[in-house]
Each structure stands twice: as C-alpha cells, then as structure tokens.
Novice: 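Pasting in a structure now, in structure tokens, and then I'll have a few things to ask.
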Amino acid sequence: MKIYTFLMLLASNLYLSKPSINTDTITDPARDIIDSALNKMITKPLIHAASIGLVLHGKEYIGHYGEMEVGKKNIPNNGTIYEIGSLSKTLTGMLTAKAIQEKKLQLEDEVQQYLGENYPNLSYKDHPVRIKDLLSHTSGIPGMLPLEANTILEQFTDHSTPARLNTLYRNYKKEDFLTDLHQVSIDTVPGYKYAYSSAGTQLMAAILEKVYKVDFEKLLTDYLSENMEAENTKISLSAREYERLAVGYHSDNPVITSPMPLLPWGASGNVKSTVPDMVKYIRFLLQNNATTRELYKPIVKFDPEFSIGYFWNIITDKKLGTYYLHHGGVPRSQCYIYIIPKYELGIFIITNQSGNQTASVMEAALGEILDKII
C-alpha cells in the first residue's frame, strides 16, 4: 500500500489526558481501544498532542489527548482549529464531483478550455492535460508552484523550511500562479504516470471558480454548511478564530512554528477545521449516494490494490475491502482520514507535530485501532 508521508526525534514529557466524549458515543470496549492507542501515541518522541474523531456503525467518538505545549496542560478540545494540510484536496475533489454532477464540466475536458489565456505547454505531443488528470495526480504538473517551492521542500525537516516557505508565498497571488503555470513542462503523456501535485489541485480550484463564478472558499464553505452543517471548516480565519488555531512544531525544533502560508485558492493545503466538523465530514463520506459514488470512482488504476479517485487514494485489501484514505501534512501538523465502508467506519486523526516519523507514528496508532476494532 502506498501511503504518502511527508516527513526527527527527541524525547519529551507528555501529559496523558482523558478524552472528551461525544453524547452519541461508541461502546466502551471500542472507546478503550482508541484511548489506549492514542495515549501510547503521545508518549512517542516529539509528539505533543493528538485528537481523533471516529464514526463506527453510526455511533461516533471524539477524543483529545496530551498537551499542545509541553508543560502547559493545554489539552486540545472540540473548539481547537487544526490545519489539515492536504486533506484539503479531498474537499476540492468533493466540489469537483458536484461540478461533474451538475454538468458544469466533464472528466475528459481539456484543462485549457477553462483558462483565460493560451497554455500550449499543458500538453504532451497532442495529448492535453484533462480534468481527470488533475484529479488523479497524473497531469505531469510539478508538485508546487512557484517551482522554487519544490527545492525548499526537498529539505523539509530543515529548521529554516517554514520561514523560507512563508517568504516565498508572502505576496504570491492567483495571477502569479497562472503566470508561473506557463513555465510548466509536461514530459510524458498525461493520465498514466503518478506524480503528486499540489499545483494541480490549485489549478482545479481555479477551474471551479471559473465555472461557478464564485470564490473558491465561498464555494467550499457554502457546500459544507448546506450539506453537513459544518461551519468551522474554512481557509481564512477571523482574528477570534485564529486564537483557537492549534500551535504546532516542525521537525525536532522545540520552538513553535508559524502556520502554513496561504497559497492561491488554498485548495491544496490551507483548509482548517475542528474535529467535530471532521466527524460530520466522515458521516457524509460514509453515505452511499450519488455524490459519494462519483467521488470514489477510480479514475486511474495503477495496480490491483491502488487506484486514485477524486484526489482520494483507493486501496483494495482482503481484510478491509475497498477503502479510501488521504494523508495531510504542513510544517506543524499531520493527519490522516480513513473511510472504510465495509465496516461502516471512518477515522480522522491529527497531531500538532510534523517530521519524518510523524506519519508512521499515526499509522501505528491507526493500525492498533483497526486491528482490535475489526
């Protein structure tokens, strides 16, 4: 199974906390399994805190553990706003599925037809980049724009990386992205070669803005409000909301790290959310309806076990059946979301630390929960 991790280690003393519990809670045995896994997780080097939201057979559980700053006992809570990183892409995929259903665009459409200027470079030997190539990370568009960002991220764990990203994106606007898009060179036929592209997701957001004639963030927040009553998931925060934004740590740097800089559209990694809102999102994703069926359609199948849908990684496993997952990471938080329809199970897990080993620590906790619950 291919799971995308971003990303050093020292020990820290952590405060083990009892989780907050939602009223419509899962049974005690399952709750005990989750508590055990998460309390172990926050004893790992560099992990300060963790939160989890889980839905199982219609029942849900929300837990918060540890402390966001060592020694302060400031346990995360239901009001804590987290940066969910690349989980933002799944929300962009959701809006694209909506656009497909509403006949605003089609998967086979060439990207070029939705751009206001000519981009002959978004093609390889008469094979143009299409909407489905953006969704499946097979467009050939590089990971980030401007191209300098890719060089910076090659040294992700270097303590200077967050500041360098902040400087790069300080005044980087939508028009700058569209200008830099002219520098892209497609070196293979789109639709076949997997190459993870946040820039491709940004371009998808630009297209959604074009077809709906609505700002991408409004398009997103309106959809979440109308379909999930999720009111705390957004890209831009007010001053009061910013006070609730979780502090976080990058690599093995003990100093609190600045938030991820805002990218144009924010569609690839700038969404912030609370755990209760992510539980609402999980409930939506566990439904079997026209929207989710579209969302989970495999666009490109790379092997019998791994496909890509609307930005979702689709895994086929003997034990879990076909399920859907995505990793999210910014320089000061990492998270996962798993949607496992066979067991009517969805999990969101997040920690306010981001380094080389963070994803594997979360995977170990998730593995323990899945093994014991299922």
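Bear in mind the structure is a predicted one, so any value in this text is a computation, not a measurement. Nothing fancy with the numbering, it's 1 onward along the sequence.
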Novice: Quick one: does Leu38's side chain get under 4.5 Å of Ile369's, heavy atoms only?
Specialist: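 Yes, side chains in contact.
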Novice: Starting from Ile52, can I reach Ile81 by hopping between I/L/V/M/F/W/Y residues whose side chains sit under 4.5 Å apart?
Specialist: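 Hydrophobic grouping puts Ile81 apart from Ile52.
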Novice: Counting only heavy atoms not in Lys174 (residues, nucleotides, ligands), do more than 12 fall under 6.0 Å from its NZ?
Specialist: yes
Novice: Report yes if some heavy atom in the side chain of Gln112 is under 4.5 Å from a heavy atom in the side chain of Pro128; otherwise report no.
Specialist: no
Novice: What closest approach, in Å, do Leu203 and Ile141 show between heavy atoms, and which atom pair accounts for it?
Specialist: CD2-CD1, 3.8 Å
Novice: Donor-acceptor check, side chain of Ser273 to backbone of Thr233, threshold 3.5 angstrom: yes or no?
Specialist: no
Novice: Look at the rings of Trp312 and Tyr296 and say which category their plane angle falls in: under 30° parallel, 30 to 60° tilted, over 60° perpendicular.
Specialist: perpendicular
Novice: Once you round to the nearest 0.5 Å, how far does OH of Tyr324 lie from CD1 of Ile340?
Specialist: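 Here the rounded value is 11.5 Å.
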Novice: What's the spacing between Leu224 CG and Lys280 NZ if we round to 0.5 Å?
Specialist: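 That separation rounds to 10.5 Å.
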Novice: Is there a side-chain contact between Val271 and Leu220 in this structure, where contact means two heavy atoms from C-beta onward sitting under 4.5 Å apart?
Specialist: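 Of all side-chain heavy-atom pairs linking Leu220 with Val271, at least one is under 4.5 Å.
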Novice: Quick check: are there more than 12 heavy atoms from other residues, nucleotides or ligands sitting under 6.0 Å from CD of Glu344?
Specialist: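 Check passes, neighbour count above 12.
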Novice: Looking only at heavy atoms, which two atoms of Leu245 and Tyr82 are closest? And how far apart?
Specialist: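 Closest approach of Leu245 to Tyr82, heavy atoms only: CD1-C, 4.5 Å.
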Novice: State yes or no: do Leu105 and Val214 share one hydrophobic cluster built from I, L, V, M, F, W and Y residues joined by side-chain heavy-atom distances below 4.5 Å, directly or via other members?
Specialist: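 Linked within one cluster.
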Novice: May I ask whether Ile350 and Leu237 are part of the same hydrophobic cluster, defined by side-chain heavy atoms of I, L, V, M, F, W, Y residues being less than 4.5 angstrom apart, directly or through others?
Specialist: no
Novice: Does Asp109 reach the main-chain N or O of Gln106 with its side chain, forming a donor-acceptor pair under 3.5 Å?
Specialist: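 Present.
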Novice: What's the separation between atom OG1 in Thr157 and atom CG in Leu153, rounded to the nearest 0.5 Å?
Specialist: 11.0 Å
Novice: With heavy-atom distances below 4.5 Å as the criterion, would you say the side chains of Gln334 and His327 are in contact?
Specialist: yes
Novice: Indicate yes or no: does Asp32 engage Lys372 in a salt bridge with an N to O separation below 4.0 Å.
Specialist: no
Novice: To the nearest 0.5 Å, what is the distance between CD1 (Ile347) and CD1 (Ile282)?
Specialist: 8.0 Å
Novice: Report yes if some heavy atom in the side chain of Met41 is under 4.5 Å from a heavy atom in the side chain of Thr351; otherwise report no.
Specialist: yes
Novice: By the definition side chain to side chain contact (heavy atoms under 4.5 Å, CB included), identify the one residue from Ile207, Thr201, Ile299 that meets it with Leu134.
Specialist: Ile207
Novice: Less than 4.0 angstrom from a charged side-chain N to a carboxylate O is my criterion; do Glu67 and Lys72 meet it?
Specialist: no
Novice: Checking side-chain hydrogen bond (donor to acceptor under 3.5 Å, both in side chains) for the pair Lys89/Ser198: CA distance, chi angles, key distance, verdict?
Specialist: CA-CA 8 Å; Lys89 294 180 175 68; Ser198 291; 3.0 Å; yes
Novice: Is a side-chain N or O of Ser136 found less than 3.5 angstrom from the main chain of Gly191, in a donor-acceptor match?
Specialist: no
Novice: For side-chain hydrogen bond (donor to acceptor under 3.5 Å, both in side chains), just list the numbers for Ser225 and Asp222, CA-CA rounded to whole Å, side-chain angles, deciding distance to a tenth of an Å, and then say yes or no.
Specialist: CA-CA 5 Å; Ser225 178; Asp222 284 355; over 6 Å; no
Novice: With the threshold set at 4.0 Å, does a side-chain nitrogen-carboxylate oxygen contact exist between Arg240 and Glu243?
Specialist: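 No salt bridge links Arg240 with Glu243.
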Novice: Supply the atom-to-atom distance Leu181 CG to Leu122 CG, rounded to the nearest 0.5 angstrom.
Specialist: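 Nearest 0.5 Å value for the CG-CG distance: 5.0 Å.
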Novice: Would you check if Tyr281 and Thr90 make a side-chain contact, meaning some heavy-atom pair closer than 4.5 Å?
Specialist: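 Yes, their side chains come closer than 4.5 Å.
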Novice: Of all heavy-atom pairs between Leu87 and Gly328, which one has the smallest distance, and what is that distance?
Specialist: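 Heavy-atom minimum between the residues: CD1-N, 3.4 Å.
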Novice: Using 4.0 Å as the upper bound for N to carboxylate O, is an ion pair formed by Asp277 and Lys234?
Specialist: no
Novice: Hey, what do you get for CD1 (Ile308) to NZ (Lys132), rounding to the nearest 0.5 Å?
Specialist: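 NZ of Lys132 is found 14.5 Å from CD1 of Ile308.
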Novice: Mind checking whether Tyr323 and Tyr338 have parallel, tilted or perpendicular rings, split at 30° and 60°?
Specialist: parallel
Novice: Can you name the closest pair of heavy atoms from Phe216 and Ala205 and give their distance?
Specialist: CD1-CB, 3.7 Å
Novice: If only atom types and distance count, is the side chain of Thr80 paired as donor or acceptor with the main-chain N or O of Ala246 below 3.5 Å?
Specialist: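 Here the side-chain-to-backbone pair does not exist.
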Novice: A quick test of your reading: do over 12 heavy atoms of other residues, nucleotides or ligands sit less than 6.0 Å from CD of Glu229?
Specialist: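 Open: at most 12 neighbouring heavy atoms sit under 6.0 Å from CD of Glu229.
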Novice: Backbone N or O of Val330 within a donor-acceptor pair of the Glu83 side chain at under 3.5 Å?
Specialist: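 Pair absent, no side-chain N/O of Glu83 close to backbone of Val330.
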Novice: Run the side-chain hydrogen bond (donor to acceptor under 3.5 Å, both in side chains) check on Ser197 and His137 step by step: do they pass?
Specialist: CA-CA 6 Å; Ser197 177; His137 295 294; 5.4 Å; no
Novice: Cut-off 3.5 Å, side chains only: do Asn253 and Ser251 have a donor facing an acceptor?
Specialist: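 No, no side-chain donor-acceptor pair sits under 3.5 Å.
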Novice: If we ignore angles and hydrogens, is there a donor and acceptor under 3.5 Å between the side chains of Gln353 and Thr358?
Specialist: yes
Novice: Of all the heavy-atom pairs spanning Tyr212 and Ala99, show the shortest one and how long it is.
Specialist: OH-CA, 3.2 Å
Novice: Can you tell me if His48 uses its side chain to pair, donor with acceptor, with the backbone of Met68 under 3.5 Å?
Specialist: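 Not at all, since once roles are kept as given, no pair shorter than 3.5 Å links the two residues.
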Novice: Kindly indicate, with the supporting measurements, whether the criterion side-chain hydrogen bond (donor to acceptor under 3.5 Å, both in side chains) is fulfilled by Arg332 and Asn352.
Specialist: CA-CA 6 Å; Arg332 65 181 203 161; Asn352 67 331; over 6 Å; no
Novice: Are Ile349 and Ile374 connected in a single hydrophobic cluster, I mean Ile/Leu/Val/Met/Phe/Trp/Tyr linked by side-chain heavy atoms less than 4.5 Å apart?
Specialist: yes
Novice: Do Ile152 and Leu147 sit in the same hydrophobic cluster, where Ile, Leu, Val, Met, Phe, Trp and Tyr count as joined when their side-chain heavy atoms come under 4.5 Å apart?
Specialist: yes
Novice: Look at the aromatic rings of Tyr172 and Tyr169 and report parallel, tilted or perpendicular, splitting at 30° and 60°.
Specialist: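 Rings of Tyr172 and Tyr169: perpendicular, over 60°.
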Novice: With under 30° as parallel and over 60° as perpendicular, where do the rings of Tyr196 and Tyr194 fit, or are they tilted in between?
Specialist: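 Tilted: the ring planes of Tyr196 and Tyr194 meet at 30° to 60°.
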Novice: Kindly say whether Leu178 contributes a backbone atom to a donor-acceptor pair with the side chain of Tyr119 at under 3.5 angstrom?
Specialist: yes
Novice: Is the shortest side-chain heavy-atom distance between Val189 and Tyr124 below 4.5 Å?
Specialist: yes
Novice: So, are Glu241 and Lys272 salt-bridged, with charged N and O less than 4.0 Å apart?
Specialist: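 Salt bridge flag = no for Lys272 with Glu241.
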Novice: Taking atom NZ as the centre, does Lys342 end up with more than 12 heavy-atom neighbours from other residues, nucleotides or ligands that are less than 6.0 angstrom away?
Specialist: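 Yes, enclosed.
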Novice: For Val247, does its backbone N or O pair with a side-chain atom of Glu69 as donor and acceptor, under 3.5 Å?
Specialist: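 No, because the side chain of Glu69 does not come within donor-acceptor range (under 3.5 Å) of the backbone of Val247.
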Novice: Keeping Thr257 on the side-chain end and Tyr249 on the backbone end, is there a donor-acceptor pair under 3.5 Å?
Specialist: no
Novice: Using ring centroids (six-membered ring only for Trp), state whether Tyr343 and His57 fall under 6.0 Å.
Specialist: no
Novice: Pairing donors with acceptors under 3.5 angstrom, does anything connect the side chains of His64 and Ser51?
Specialist: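 Yes, a side-chain donor-acceptor pair sits under 3.5 Å.
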Novice: Where the side chain of Ser123 meets the backbone of Pro120, is there a donor-acceptor pair that is under 3.5 Å apart?
Specialist: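 Looks like no, no N/O pair under 3.5 Å.
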Novice: Is there side-chain contact between His250 and Phe156, with heavy atoms separated by less than 4.5 Å?
Specialist: yes
Novice: For the pair Asp176 and Lys173, find out whether any cationic side-chain nitrogen is under 4.0 Å from an anionic carboxylate oxygen.
Specialist: no
Novice: What closest approach, in Å, do Asn166 and Met260 show between heavy atoms, and which atom pair accounts for it?
Specialist: OD1-C, 4.5 Å
